[in-house]
Number of protein chains: 2
Amino acid sequence: MIPTIKDVAAHAGFSIATVSRAINAPHTVNPVTLDKVRQSIDALNFRPSPLGRQLRGERTRLIGVVLPTLANPVFAECLQGIDELASAQGYRLMLMTTQYDADRERHAIETLREQRVEGLILTVADADTHPLLDDLDRAGLLYVLMHNDTVRRPSVSVDNRLAAYDGVRQLIAHGHRRILMLAGTLAASDRARQRHLGYTQAMQQAGLTPAPALEVDFNAAELSPSVLAHLTSGPNRPTALFCSNDLLAMVVMRGLRRARLQIPHDMSILGFDGLAMGELLSPPLASICAPNREIGCAAWRRLLARVTGNYEALGETSLALTLPHSLREGATIAAISNRDETSTPPKEANSENTYARNVA
Amino acid sequence: MIPTIKDVAAHAGFSIATVSRAINAPHTVNPVTLDKVRQSIDALNFRPSPLGRQLRGERTRLIGVVLPTLANPVFAECLQGIDELASAQGYRLMLMTTQYDADRERHAIETLREQRVEGLILTVADADTHPLLDDLDRAGLLYVLMHNDTVRRPSVSVDNRLAAYDGVRQLIAHGHRRILMLAGTLAASDRARQRHLGYTQAMQQAGLTPAPALEVDFNAAELSPSVLAHLTSGPNRPTALFCSNDLLAMVVMRGLRRARLQIPHDMSILGFDGLAMGELLSPPLASICAPNREIGCAAWRRLLARVTGNYEALGETSLALTLPHSLREGATIAAISNRDETSTPPKEANSENTYARNVA
DNA sequence: CTGAAAGCGCTAACAG
DNA sequence: CTGTTAGCGCTTTCAG
């Protein structure tokens, strides 16, 4: 059905070795022969099977990609970056998602190894304490982490601690003093920990009291009563929330709105990730932006360099590559006026536009 | 480095055939032998290479997935569905994106064929006029389309025409009479055409005049002046927009807000896709929902059934499988009051909440 | 410059 | 129940 190199050889009247050479080393074969072989290839619409090559122990040109989920566009954006470069360079991507589950991470990596991928690009829950990554090191299978924040392993990420620090300082600069950090089930993730560290430092430096990260159920339609209590009750309620990622920020915003809080009037919100979609929101979501697509691209470049042995050429000295983050101003952050400090949330309707200009 | 079946055979003191049988048909081998072989397998941490099997002409357990982009969560949602089922059943996914480009579609399909995938799940720009799909039919390579709206090929989709019809009728029921349909670069897509058909029918049935779909540049931060003119100028400006997909709806909403229009007060918006994220918006986006994840799952099931030859067992009679759509009410649609009909957009700020309850 | 032949890891007859 | 062997599609010595 699908033509093989044999069919081409028969059609052209040469041996399969010659056909192989015509494909892989055209200069070593007589031009006339080459021409005939090429005609046969066209005539039969032959494309060499990668399987044969792969089995021979050649390059498989297969790269495994392991991501927690595609429901969070952060990872979809990274994947776009990887895909763009990889497919342009003739590599194929094998994708597996893990839903942040350690078993599935293990299974994914195993499956991809079996498939003899040349390398792996992945985002795991916690890079430092991950025994599988040690296995990879031991087995000599190349990999690059994305977003995972560790100096111990090859990775591409923003400086999560510093980025969070910058973001929270921004909130403080807008007059906020009671700032809470929210995290999802990601609370056990290396990124979230780094971000909380940055939050803590920014708070302390400003003479404010940092709080432990408040965990929020990502999937619930409403915020739980206990969380809501933390956010709204008493004179010490926070005036600003730093959310560990944009998706969480959006879920929280909905929860707050359902609880009849106005954003940013009653609560300022700062996210993390810089999802493109955040700009489409109303009010546009303020966020600490990671160059997600670029992170994917950079991860690809690093992996390719290592796979092809050009690693030194990249001139990188450390395992962890840190890309610059940026702050995206958005109308979800309002400057706080001192008189507002202790008031309870007002109930009157108020357009977000009123506050949109406060952000400078 | 990676142990092969040979290593296991040597270690266990049996032939490779016995090892192979121990793996693939354990009941045909002496329990004692079986045990020894298994111990060797564990000792060496051997996993059979799929490459060998694949080359043998066995099942590759590889499925190709071809999507336009992951930037639109519709496709990410579908992919989630596919991935969930596929990886649970031991299949591996090879992913390629096309950016709606015909050349890249061709290239993707070709690449995946070379890789000897057992089947393909894809979304193409236009299914009916796609020569590559005819090639697949001819080559006997199985595939299932997602979202593409055609009865000529195996596909899983909602009834785009009917869904659009239902949605636009909803707009009409809310008192809108000047309703415009917007489409992105997708204007040349089969889905968009079907949706416009549904729009047209709903309008005509209500005695209203349908307009051609207005094309909008997806990527522009602002709506173009000419588009904006269509939407806002004159007494005949539309009061409601039906957007060919949710992402477009979000882009349009931002454009309108920048032009100082209030949603839904000055303009009602209805999207298409039912993106999960739409519910997180403010106001929540009204949308015609396709069960994206389920579309992915269904596509997988159909493909698997065909691949394994159990197609008849599915009891499906037609090529096109149509899944039910649903309408998601959202505060982006406001009922229109008659006196508003001819007024120009008012400028005063007004919370979306005022209108949130009008949707019934 | 071209061909014959070995072998990558595995499965499936076919013998024993 | 187990071993021998051929061969999947391809690349790569090694001869010619």
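This is a predicted model, so every value here is computed, not measured. Quick note on labels: first sequence line is chain A, next is B, and so on, each numbered from 1. The analysis underlying the following values was restricted to heavy atoms, covering all of them including side chains, and did not include hydrogens, waters or symmetry mates.
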Nearest-Å distance for atom pair CZ/P, residues B:Arg21 and D:dT4: 11 Å
In whole angstroms, the gap separating P of C:dT2 from NE2 of A:His27 amounts to 13 Å
With nearest nucleotide decided by heavy atoms, which residue, A:Gly52 or A:Thr28, maps closer to the 5′ end of DNA chain C? A:Thr28
Picking from C:dC10, D:dC10, D:dT2, which would you name as closest to the side chain of B:Asn30? D:dT2
Between the base of C:dG9 and the side chain of B:Arg47, is there a donor-acceptor distance below 3.5 Å? no
Would you call A:Ile63 and A:Leu304 a side-chain contact if the rule is heavy atoms closer than 4.5 Å? no
By a strict heavy-atom criterion of less than 4.0 Å, which residues belonging to residues 11-20 of chain B are in contact with DNA chain D? B:Phe14, B:Ser15, B:Ala17, B:Thr18
Tell me: CZ of A:Arg61 to P of D:dC10, nearest whole Å? 16 Å
Stepwise, does the salt bridge (charged side-chain N to carboxylate O under 4.0 Å, His left out) test hold for B:Asp135 with B:Arg138? CA-CA 5 Å; B:Asp135 287 351; B:Arg138 221 170 294 121; 2.9 Å; yes
Using a heavy-atom cut-off of 4.0 Å across all strands, would you classify A:Pro48 as base, sugar-phosphate, or nothing? sugar-phosphate
What's the CG-P distance between B:Leu55 and D:dC10, to the nearest Å? 9 Å
Salt bridge (charged side-chain N to carboxylate O under 4.0 Å, His left out) pairs touching residues 147-157 of chain B, sequence neighbours excluded, are B:Asp128-B:Arg152, B:Asp134-B:Arg153, B:Asp137-B:Arg153
What is the separation between atom CD1 on A:Ile23 and atom P on D:dC10, rounded to the nearest whole Å? 7 Å
Anything under 3.5 Å between a donor and an acceptor, one on a side chain of residues 89-96 of chain B, the other on a protein residue two or more places apart or in another chain? List them.
| residue | atom | partner | partner atom | Å |
| --- | --- | --- | --- | --- |
| B:Tyr91 | OH | B:Arg59 | NH2 | 2.1 |
| B:Arg92 | NH2 | B:Thr60 | O | 3.1 |

Can you list, in residue-number order, the parts of residues 31-44 of chain A that come under 4.0 Å of DNA chain D, counting heavy atoms only? none
Can you tell me if the side-chain N/O atoms of B:Lys6 get under 4.0 Å from OP1 or OP2 in C:dC8? yes
For B:Ser40, enumerate each residue passing the side chain to side chain donor-acceptor pair (under 3.5 Å) test, keeping only those at least two apart in sequence or located in another chain. B:His11
Can you tell if the side chain of A:Thr69 reaches within under 4.5 Å of the side chain of B:Gln80, non-hydrogen atoms only? yes
Contacts of type salt bridge (Lys or Arg N to Asp or Glu O under 4.0 Å), residue B:Glu294, not counting sequence neighbours: B:Arg301
Nearest-angstrom distance from the residue atom CG of B:Asn24 to C1' of D:dT2: 16 Å
Is it the case that the side chains of A:Asn148 and A:Ser155 hold a donor-acceptor pair, with the cut-off being a distance below 3.5 Å and no angle test? no
Between C:dC10 atom P and A:Arg116 atom CZ, what is the distance in whole Å? 7 Å
Reading DNA chain D from 5' onward, which residue's closest nucleotide shows up sooner: B:Val29 or A:Ile2? B:Val29
Got a second to check how far B:Ser157's OG is from B:Asp190's CG, nearest 0.5 Å? 8.0 Å
